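Letters A, B, ... are given to chains in the order of the sequence lines, protein chains preceding strands, and every chain is numbered from 1. Small disclaimer: the values here were computed from a predicted structure and weren't measured.
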There are 2 protein chains.
Amino acid sequence: MIPLELFKALADETRLLSILLIQQEGELCVCELVTALASSQPKISRHLAQLRTLGLLADRRQGQWVFYRLHPDLPGWVREVMASAAAQSDMQLAQPLARLEAMASRPAVGGNACGSAC
Amino acid sequence: MIPLELFKALADETRLLSILLIQQEGELCVCELVTALASSQPKISRHLAQLRTLGLLADRRQGQWVFYRLHPDLPGWVREVMASAAAQSDMQLAQPLARLEAMASRPAVGGNACGSAC
DNA sequence: GCCATATATATGATTTTTCATATAAATAGG
DNA sequence: CCTATTTATATGAAAAATCATATATATGGC
């Protein structure tokens with residue numbers, strides 16, 4: 001990963017907000033990002049696949065859901081850039097975070113699909 | 001300037017290398033960047049104008065040359081992002097810097113247009 | 001079969017590049 | 001001083017390339 005590749009990856013609103021939300025929440029599935037960003041499922045899925053291919057995100061399948069998180073091996077300078085951006089993104093993240101909180105049933109937290117068995 | 005705008009500005013090879021070279025050298029004119037990046041003059045000029053319009057660069061005309069420098073009022077988080085990128089860009093900057101050094105007569109240094117009178 | 005996710009194709013939109021030309025300043029010759 | 005001529009830079013317009021989105025289809029787990 002060279003700087004030019006990172007900046008291209010972060011130069012799209014959907015990808016930037018997705019990665020900042022994932023950074024803040026630790027892990028999010030596709031359907032949560034679809035709700036948070038009020039976008040279509042194929043659109044979100046395609047951008048997440050792009051970030052995964054680049055090595056910025058790692059994914060984990062849990063039943064019907066695929067959860068994305070920051071790739072554990074991210075170099076320090078990449079984390080630095082993302083931290084600088086995150087510190088300036090309160091306005092951009094407020095509404096997506098509100099929609100995330102407002103989700104009736106979120107996978108893997110509170111009332112998730114497997115109930116108290118998980 | 002929001003993070004998305006900065007990342008879009010840095011997501012082009014010509015713009016990224018231009019701004020990193022300017023950061024390292026302090027100030028460069030258009031013709032020096034044309035040589036360093038081995039690109040066409042209109043191409044360089046357009047990208048510099050874009051960076052100036054965005055507030056990332058400031059320009060100064062000195063005779064026939066126009067010198068570009070980092071805008072003095074750049075916010076700290078922008079400088080942080082650029083510093084993280086610069087620290088990873090030795091490979092990308094090596095050849096452009098070599099071409100810069102190899103320029104027969106560089107404006108405002110060594111043998112410039114006004115000779116020893118300046 | 002249903003739900004969540006992924007992929008393929010086509011299309012629209014934006015970005016980037018090039019070409020030609022314009023402005024502006026220094027230089028040389030009369 | 002006046003008028004080419006050269007060098008440096010900028011810009012309008014068009015072509016070319018890239019990117020993003022939508023639609024439709026496919027896969028995989030329950």
Side-chain angles (χ1 to χ4, degrees), chain A residues 4-5 7-18 22 27-54 57-69 103-108 112-115 117-118, chain B residues 4-18 22 27-54 57-69 100 103-109 111-115 117-118:
Chain A
L4 181 60
E5 290 173 328
F7 293 137
K8 283 184 177 175
L10 301 181
D12 174 89
E13 186 168 27
T14 300
R15 288 194 297 271
L16 180 59
L17 290 179
S18 294
I22 288 169
E27 211 176 39
L28 288 174
C29 72
V30 180
C31 67
E32 288 174 310
L33 287 165
V34 166
T35 297
L37 300 178
S39 292
S40 71
Q41 180 272 321
K43 178 174 168 179
I44 298 295
S45 178
R46 186 180 151 285
H47 284 296
L48 291 176
Q50 198 176 335
L51 293 171
R52 171 172 27 94
T53 300
L54 283 166
L57 297 181
D59 66 334
R60 168 179 75 88
R61 175 153 220 140
Q62 180 179 309
Q64 51 190 154
W65 296 291
V66 174
F67 288 90
Y68 285 88
R69 61 188 186 282
M103 282 182 75
S105 69
R106 291 178 57 192
N112 63 15
C114 10
C118 298
Chain B
L4 181 60
E5 290 172 327
L6 176 64
F7 293 137
K8 283 184 177 175
L10 302 182
D12 173 89
E13 185 168 28
T14 299
R15 289 194 298 272
L16 179 59
L17 290 179
S18 294
I22 289 169
E27 210 175 40
L28 288 174
C29 73
V30 181
C31 66
E32 288 175 310
L33 287 165
V34 166
T35 297
L37 299 179
S39 291
S40 71
Q41 180 271 321
K43 177 174 170 178
I44 299 295
S45 181
R46 290 209 113 87
H47 284 296
L48 291 175
Q50 197 177 337
L51 293 171
R52 171 170 31 90
T53 300
L54 284 166
L57 296 181
D59 66 334
R60 168 180 75 88
R61 175 156 220 140
Q62 180 180 308
Q64 53 192 149
W65 296 293
V66 175
F67 288 90
Y68 284 86
R69 62 188 184 282
L100 195 57
M103 282 183 75
S105 70
R106 292 179 56 193
V109 294
N112 62 13
C114 10
C118 298

- Beyond-backbone contact of A:Leu51 with A:Ile22, side-chain heavy atoms, under 4.5 angstrom: no
Distances for protein N/O vs nucleotides 2-5 of chain D N/O pairs under 3.5 angstrom?
none

- Query: What are the residues of residues 34-46 of chain A, sorted by number, that bring a heavy atom to within less than 4.0 Å of DNA chain D?
  - Reply: A:Ser40, A:Pro42, A:Lys43, A:Arg46
- Note on the structure: Residues at least two apart in sequence or cross-chain that pass side chain to side chain contact (heavy atoms under 4.5 Å, CB included) with A:Cys31, listed by chain then number, are A:Cys29, A:Trp65, A:Pro107
- Message: In whole Å, I'd like the distance from the CZ atom of A:Phe67 to the P atom of C:dA6.
- Response: 12 Å
- Within the pair B:Arg15 and C:dT16, is there a side-chain N or O less than 4.0 Å away from OP1 or OP2? yes
- Kindly write out the residues that satisfy side chain to side chain contact (heavy atoms under 4.5 Å, CB included) with B:Arg52, not counting sequence neighbours, or none if the list is empty. B:Ala49, B:Asp59, B:Tyr68
- Task: To the nearest Å, give me how far apart CZ (A:Arg52) and P (C:dT5) are.
- Result: 12 Å
- Note on the structure: Output for pair (A:Ser18 OG, A:Leu37 CG), nearest 0.5 Å, gives 5.0 Å
- Could you state the interatomic distance from CG (A:Asp12) to CG (B:Leu4), rounded to the nearest 0.5 Å? 7.5 Å
- Item | Pairwise 5' ranking along DNA chain D for B:Cys31 and A:Thr14, keeping only the more 5' one | B:Cys31
- Task: Not counting sequence neighbours, list each pair that qualifies as a side chain to side chain donor-acceptor pair (under 3.5 Å) and has a residue in residues 40-49 of chain A.
- Result: A:Arg15-A:His47
- Message: Under 4.0 Å from OP1 or OP2 of C:dA4: is there any side-chain N or O of A:Tyr68 that close?
- Response: no
- Task: For B:Leu100 and B:Leu28, run side-chain contact (heavy atoms from CB on, under 4.5 Å): C-alpha distance rounded to whole Å, both residues' side-chain angles, the deciding distance at 0.1 Å, then the answer.
- Result: CA-CA 10 Å; B:Leu100 195 57; B:Leu28 288 174; 4.0 Å; yes
- Item | Separation of B:Gln50 CD from B:Thr53 OG1 (nearest 0.5 Å) | 8.0 Å
- Closest nucleotide among D:dT9, C:dT5, C:dT16 to the B:Val66 side chain: D:dT9
- Message: When you measure from the side-chain N and O atoms of A:His47 to the phosphate of D:dC19, is any distance below 4.0 Å, counting only OP1 and OP2?
- Response: no
